[in-house]
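Index from 1, following the sequence.
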Amino acid sequence: SIAMLERGLDPRFYSLILKTKEGLLITDATLKSFIGKLIHYEIMEKGPGGNRCWGTLFIEDKIPPIISNLTADSIFCWSIDDFLSQQPFYNAQTKKITLSNNDILGLSVPNVIDNCGIEAVSFSTVQESTSECNGVYKRTWKITDCGGNTTLLSQYIKVMYPGWGISGVS
């Protein structure tokens with residue numbers, strides 16, 4: 001953000017202005033669209049006869065997305081097809097990840113935060129044990145931001161057989 005660029009500049013005495021090479025003002029809301037590009041900056045000393053300096057900046061994002069709130073989960077073995085067919089979706093407006101078929105399964109999904117925005121959300125699901133029922137799957141989430149930075153995080157899902165029985169029957 002522009003506030004990060006202003007660190008060390010006392011706003012009582014200096015102002016920072018960012019512009020495109022065409023002279024259009026760049027705001028916090030538009031700064032992320034300039035990742036990987038050169039922009040112009042101007043630092044001005046406030047007050048009459050204040051000094052000015054200017055130059056160019058190359059905007060980079062070096063911070064990967066942060067994933068949190070991803071817990072181990074479990075499903076019943078009759079839900080395995082719904083589980084394996086799930087697809088992740090990211091809503092940029094709400095900044096939330098959802099899963100297809102999750103109204104049926106209710107699996108946890110990660111919370112993700114990033115400084116420039118999320119470009120892609122995907123996962124791979126690999127069976128960790130040989131048993132279809134009473135087995136374990138490892139789902140590895142991959143989140144990529146608009147700067148090309150990627151974070152990976154794994155989640156384990158246990159497939160359970162419900163130990164149902166009929167009471168009074170031996």
Side-chain angles (χ1 to χ4, degrees), residues 1-73 82-103 105-128 137-157:
S1 76
I2 293 173
M4 291 173 63
L5 297 171
E6 291 176 330
R7 259 186 232 167
L9 294 178
D10 189 329
R12 295 175 299 166
F13 305 112
Y14 298 96
S15 62
L16 172 68
I17 298 172
L18 302 177
K19 294 182 180 180
T20 66
K21 62 184 175 183
E22 293 81 18
L24 300 173
L25 189 63
I26 298 172
T27 64
D28 268 341
T30 60
L31 185 60
K32 73 178 183 179
S33 64
F34 292 94
I35 291 175
K37 298 178 183 168
L38 284 174
I39 64 169
H40 297 279
Y41 74 89
E42 185 174 346
I43 298 174
M44 296 187 304
E45 187 178 26
K46 293 180 179 179
N51 292 317
R52 296 165 39 148
C53 66
W54 56 89
T56 56
L57 294 171
F58 183 74
I59 303 296
E60 294 180 298
D61 172 31
K62 295 183 178 185
I63 303 171
I66 298 170
I67 303 174
S68 63
N69 197 38
L70 188 60
T71 60
D73 260 317
D82 289 327
F83 167 69
L84 292 175
S85 68
Q86 284 188 306
Q87 295 296 316
F89 300 98
Y90 180 73
N91 183 321
Q93 289 180 327
T94 63
K95 298 182 179 176
K96 299 278 183 199
I97 296 172
T98 57
L99 286 169
S100 60
N101 298 329
N102 213 35
D103 54 334
L105 300 172
L107 296 173
S108 65
V109 295
N111 290 332
V112 61
I113 55 172
D114 189 69
N115 61 336
C116 74
I118 301 302
E119 288 293 317
V121 175
S122 62
F123 58 69
S124 61
T125 303
V126 177
Q127 189 172 3
E128 293 274 300
Y137 282 82
K138 178 181 175 183
R139 177 171 278 175
T140 302
W141 291 82
K142 180 180 178 183
I143 315 287
T144 305
D145 70 11
C146 64
N149 303 299
T150 297
T151 299
L152 299 173
L153 189 64
S154 294
Q155 174 185 33
Y156 291 90
I157 293 94

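- Taking both residues in full, the closest heavy atoms of E119 and C146 are given as CG-CA, 3.2 Å, listed atom of the first, atom of the second, then distance.
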Worksheet item: Are I97 and Y90 close enough, and set up right, to give a side-chain contact (heavy atoms from CB on, under 4.5 Å), and what steps lead you there?
Response: CA-CA 5 Å; I97 296 172; Y90 180 73; 3.8 Å; yes

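- Side-chain atoms of D73 do not come within 3.5 Å of backbone N or O of L107 as any donor-acceptor pair.
- A distance of 7.5 Å separates NE2 of H40 from OG1 of T20, quoted to the nearest 0.5 Å.
- Taking 4.5 Å as the limit, every side-chain heavy atom of V112 sits out of range of all side-chain heavy atoms of W141.
- Between S108 and the options N102, L99, T71, a side chain to side chain contact (heavy atoms under 4.5 Å, CB included) holds for only T71.
- Minimum interatomic distance between G117 and K32 (heavy atoms only, all atoms of both residues): CA-NZ, 4.3 Å.
- Within a 6.0 Å radius of NZ in K46, more than 12 heavy atoms belonging to other residues, nucleotides or ligands are found.
- The CD1 atom of I143 lies 9.0 Å from the CG atom of L153; values are rounded to the nearest 0.5 Å.
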Review item, side-chain donor-acceptor pairs of residues 54-70, under 3.5 Å, at least two apart:
residue, atom, partner, partner atom, Å
D61, OD1, I63, N, 3.2
D61, OD1, N115, ND2, 3.2
D61, OD2, N149, ND2, 3.1

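- Using a 4.5 Å heavy-atom cutoff, the side chains of L18 and F34 are not in contact.
- Taken from OG1 in T150 to CG in D145, the straight-line distance is 7.5 Å, to the nearest 0.5 Å.
- Distance alone, capped at 3.5 Å, places no donor-acceptor pair between the E45 side chain and the G50 backbone.
- How far CD1 of I157 is from CZ of R139: 5.0 Å, rounded to the nearest 0.5 Å.
- Under the side chain to side chain contact (heavy atoms under 4.5 Å, CB included) criterion, N91 pairs with Q93, T94, sequence neighbours left out.
- Pairing each heavy atom of L16 with each of Y41, the nearest pair is CD1-CB, 4.2 Å.
- Panel note: side chain E128, backbone Y137; no donor-acceptor pair is recorded below 3.5 Å.
- In terms of heavy-atom proximity, S85 sits nearest to S100 at O-OG, 3.9 Å.
- The NZ atom of K138 sits 4.0 Å away from the OG atom of S154 when rounded to the nearest 0.5 Å.
- To the nearest 0.5 angstrom, F89 atom CZ is 6.5 Å from T98 atom OG1.
- For the residue pair G147 and C116, the shortest heavy atom distance occurs at N-SG, 3.6 Å.
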